[in-house]
Amino acid sequence: MNEKRHLWLPFLKSDLPENLTTPAQTARAELEQAGIAAKLNLVTDMGESWSVSKDGSEITGGETGVLYGAYRLMMARAAGEALPTGVQTPRYPLRMINCWDNADGDVERGYSGRSLFFEGGKFDYDPARMRQLGRLLASVGINVLCINNVNVRDPAHRLIEDWLPELAKLADIFRAFGVRLMVSIDYAQPIRHGIPTADPLDERVAQWWIEQTKKVYAAVPDLAGYLVKADSESRPGPFTYGRNHAEGANMLARALAPHGGVLVWRCFVYNCQQDWRDAKTDRPMAAYQHYAYLDGQFDKNVILQVKNGPYDFQVREPVSPTLLAMPKTTLAIEFQLAQEYTGHQIDIYAMPPMWREVYADMGADRVQAIAAVSNLGRDGNYTGHPFAAVNLFAYGLFAWNPDETPEHMIALWCRLTYPDMDAASRETLVGLLMNSRAVYEKYTAPLGLCWMVARGVHYGPGPDDYEYDRWGTYHRADRDAVGIDRTANGTGYVLQYPPELRARYETPESCPDELKLFFHRLRYDYVMADGRTLIQRIYDDHFEGYEQAKAMKATLENLPLPSRDREEALERMDRQIKNAREWCDIVNAFFHRFSGAEDAHGRTLY
Ligand code: GCW
């Protein structure tokens with residue numbers, strides 16, 4: 001599938017010239033194509049910042065700033081929106097996309113086709129498509145693209161070895177869009193080169209990285225840096241050598257520092273060999289335990305990248321306490337645009353409302369950078385489901401300015417993507433997207449319980465699939481109760497939070513309903529805030545979620561979507577309904593069989 005589709009940029013009608021090298025050149029080319037006669041004032045030290053004069057006749061900004069200003073001007077014109085006044089500056093200097101693309105062309109947790117960059121163990125891409133991707137990213141202000149999976153599998157090591165000339169070529173393409181590349185590296189890479197250890201305090205190891213990194217920067221002088229998954233899910237790391245993660249990260253950071261590169265170190269570290277009988281070890285506590293005490297010990301160019309929740313991109317998690325515990329460390333929050341646990345880009349799931357909630361609890365200034373796992377692939381529309389593009393679009397806007405509201409981001413995407421749609425239909429689509437996460441949440445694992453997802457694939461129900469396993473993901477349902485007590489009387493997880501959040505989560509009464517089963521073990525006859533019992537709430541949510549999924553189809557059928565998008569969306573909608581039904585009936589049956597409780601409304605429990 002290589003047909004051309006422009007996602008939210010339908011106003012970019014043709015391909016860009018191939019010879020663009022700077023963002024300012026790209027800005028000129030884009031404006032010319034759009035027939036907009038705006039003057040560009042380049043002010044080098046404005047960097048990424050920009051402003052547009054009231055009448056839209058002048059764009060002032062740094063080299064990348066003018067490009068961002070140009071795109072926003074084009075979008076504002078296309079959407080009939082007013083441009084913001086004054087100088088616009090991004091909240092975070094690093095606004096990253098992390099691709100989990102393997103060199104063999106497979107994408108880990110990818111739901112929109114194969115890799116855009118690799119196939120058959122080598123680079124393999126369409127340069128025109130790369131330029132189109134550069135446009136997409138730059139149009140929403142994304143400025144760093146990590147092209148390979150954090151699980152670095154052979155031959156992806158070669159990206160920073162003998163594939164450097166090709167890496168440089170790709171970097172050239174993206175440079176014209178203000179997008180810098182990043183690569184994931186294997187912590188134990190020196191071992192492949194005859195060094196018997198990867199101990200971060202061993203001189204030979206540090207030296208290997210210094211030398212190798214020099215070669216990397218000779219080829220790609222503006223590489224953003226390295227991304228590392230260490231001591232996580234069987235990846236190598238400093239723990240093997242009795243070293244902590246500050247020692248591991250700093251060693252790599254020092255190789256990057258002379259070149260201005262950053263070392264992004266993921267904090268997704270937990271025991272993935274847990275015995276399910278062990279009720280003391282509590283996986284959500286792991287990141288805080290491994291990192292919080294190291295606050296202040298990381299070099300300046302180290303960024304710790306922490307997933308938004310303490311578990312793993314589940315539908316509903318509280319904010320990760322690690323993000324609140326390291327004021328002396330540069331932190332990045334990591335979201336997942338790829339819908340691994342949220343419907344595989346089959347089920348509709350717009351994420352902005354969820355980001356807003358996380359930010360409401362965290363505060364935008366707790367982190368200094370932002371990353372998201374890519375939902376991109378080789379499919380003609382890049383994201384599999386045509387509506388999944390809303391997450392990439394909104395992520396860029398949110399990373400630039402986290403005060404953007406979900407409503408505005410989603411409405412703007414609809415407006416740009418479907419310019420011919422009448423206002424009433426568009427409003428309906430915005431409503432459907434705004435509500436899509438709530439619907440998905442209702443028919444999947446209840447009230448913050450997490451997991452219950454089919455093992456391995458992570459699509460569809462499997463209430464016990466992760467229950468007697470090594471991944472630390474248990475609900476511990478029995479005939480009386482469900483959930484894990486994470487209060488001070490239980491695992492103590494709640495103690496990792498600062499006082500205000502701790503107080504909120506500490507008791508079942510103070511804890512919001514949607515997170516009750518994340519923090520508490522509750523009896524099925526526990527009475528919720530709205531007067532329903534826990535078991536009745538579980539039944540109600542699941543029946544409702546399924547009904548709402550069916551209602552979404554009726555809504556979709558009446559929307560005047562372009563025919564391709566309509567076909568794709570409706571075909572997926574049928575799969576979503578099937579999925580919702582399985583989830584609803586299996587989760588309800590699961591709890592019915594344990595609890596013996598009947599549904600107050602007499603609906604069928606299997
Ligand atoms: O959720 C898990 C995924 C893995 C992924 C890991 C991670 C890249 O199932 O596929 O590995 O998270 O974030 O490292």
Side-chain angles (χ1 to χ4, degrees), residues 96-112 114-115 117-118 145-154 156-157 159 182-188 226-237 239 245 248-249 264-274 283-284 286-287 290-291 303-317 320 322-323 331-345 349 351 354 370-377 444-445 450-460 462 465-466 469-474:
M96 307 180 269
I97 288 288
N98 296 173
C99 299
W100 286 356
D101 292 29
N102 296 319
D104 65 5
D106 194 51
V107 179
E108 181 155 347
R109 311 303 177 186
Y111 312 105
S112 43
R114 295 182 64 79
S115 168
F117 316 112
F118 310 108
L145 180 66
C146 185
I147 58 170
N148 66 309
N149 190 358
V150 289
N151 293 323
V152 182
R153 298 198 187 89
D154 207 29
H157 302 87
L159 275 171
M182 181 177 278
V183 286
S184 298
I185 56 151
D186 177 353
Y187 181 80
Y226 298 152
L227 173 63
V228 189
K229 170 174 176 176
D231 288 315
S232 167
E233 302 186 327
S234 312
R235 306 306 303 165
F239 287 167
H245 277 209
V264 183
W265 186 272
R266 295 177 84 233
C267 297
F268 185 55
V269 177
Y270 67 98
N271 177 9
C272 66
Q273 299 294 340
Q274 189 176 333
R283 170 166 160 184
H290 288 302
Y291 294 97
I303 298 176
L304 292 192
Q305 185 167 299
V306 185
K307 289 189 182 186
N308 66 275
Y311 246 143
D312 188 6
F313 299 137
Q314 301 297 293
V315 178
R316 173 74 65 175
E317 294 185 51
S320 167
T322 309
L323 289 165
L331 296 175
I333 188 167
E334 179 178 338
F335 291 114
Q336 190 184 39
L337 307 182
Q339 290 174 231
E340 175 177 1
Y341 298 99
T342 51
H344 282 204
Q345 286 140 247
Y349 191 102
M351 301 179 179
M354 186 271 242
I370 185 163
V373 179
S374 155
N375 59 356
L376 295 162
T444 55
C450 300
W451 306 98
M452 290 206 151
V453 74
R455 195 193 160 81
V457 293
H458 300 167
Y459 185 78
D465 282 18
Y466 281 105
D469 210 336
R470 61 188 172 92
W471 300 95
T473 48
Y474 316 114

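All ligand and atom numbering here is 1-based and tracks the order in the structure. Throughout, numbering of the chain's residues begins at 1 and tracks the sequence.
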Enquirer: Quick one: list whatever passes salt bridge (Lys or Arg N to Asp or Glu O under 4.0 Å) with D469, sequence neighbours left out.
Expert: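 Partners of D469 under the salt bridge (Lys or Arg N to Asp or Glu O under 4.0 Å) test: R455.
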Enquirer: To the nearest 0.5 Å, how far apart are SG in C99 and CE in M182?
Expert: 12.0 Å
Enquirer: Applying salt bridge (Lys or Arg N to Asp or Glu O under 4.0 Å), name anything that partners D465, two or more places apart in sequence or on another chain.
Expert: none
Enquirer: Can you list, by chain and residue number, every protein residue with a non-hydrogen atom closer than 4.0 Å to ligand 1?
Expert: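 Contacting ligand 1 under 4.0 Å are W100, E108, R109, N149, V150, N151, K229, E233, R266, F268, K307, D312, E340, Y341, H458.
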Enquirer: Using the benzene-type ring in the case of Trp, are the ring centres of F239 and H290 under 6.0 Å apart?
Expert: yes
Enquirer: Judged by modelled atom types alone, do E233 and Y270 share a side-chain donor-acceptor pair under 3.5 Å?
Expert: yes
Enquirer: Taking only residues two or more places apart in sequence or in another chain, which ones pass salt bridge (Lys or Arg N to Asp or Glu O under 4.0 Å) with R153?
Expert: E108
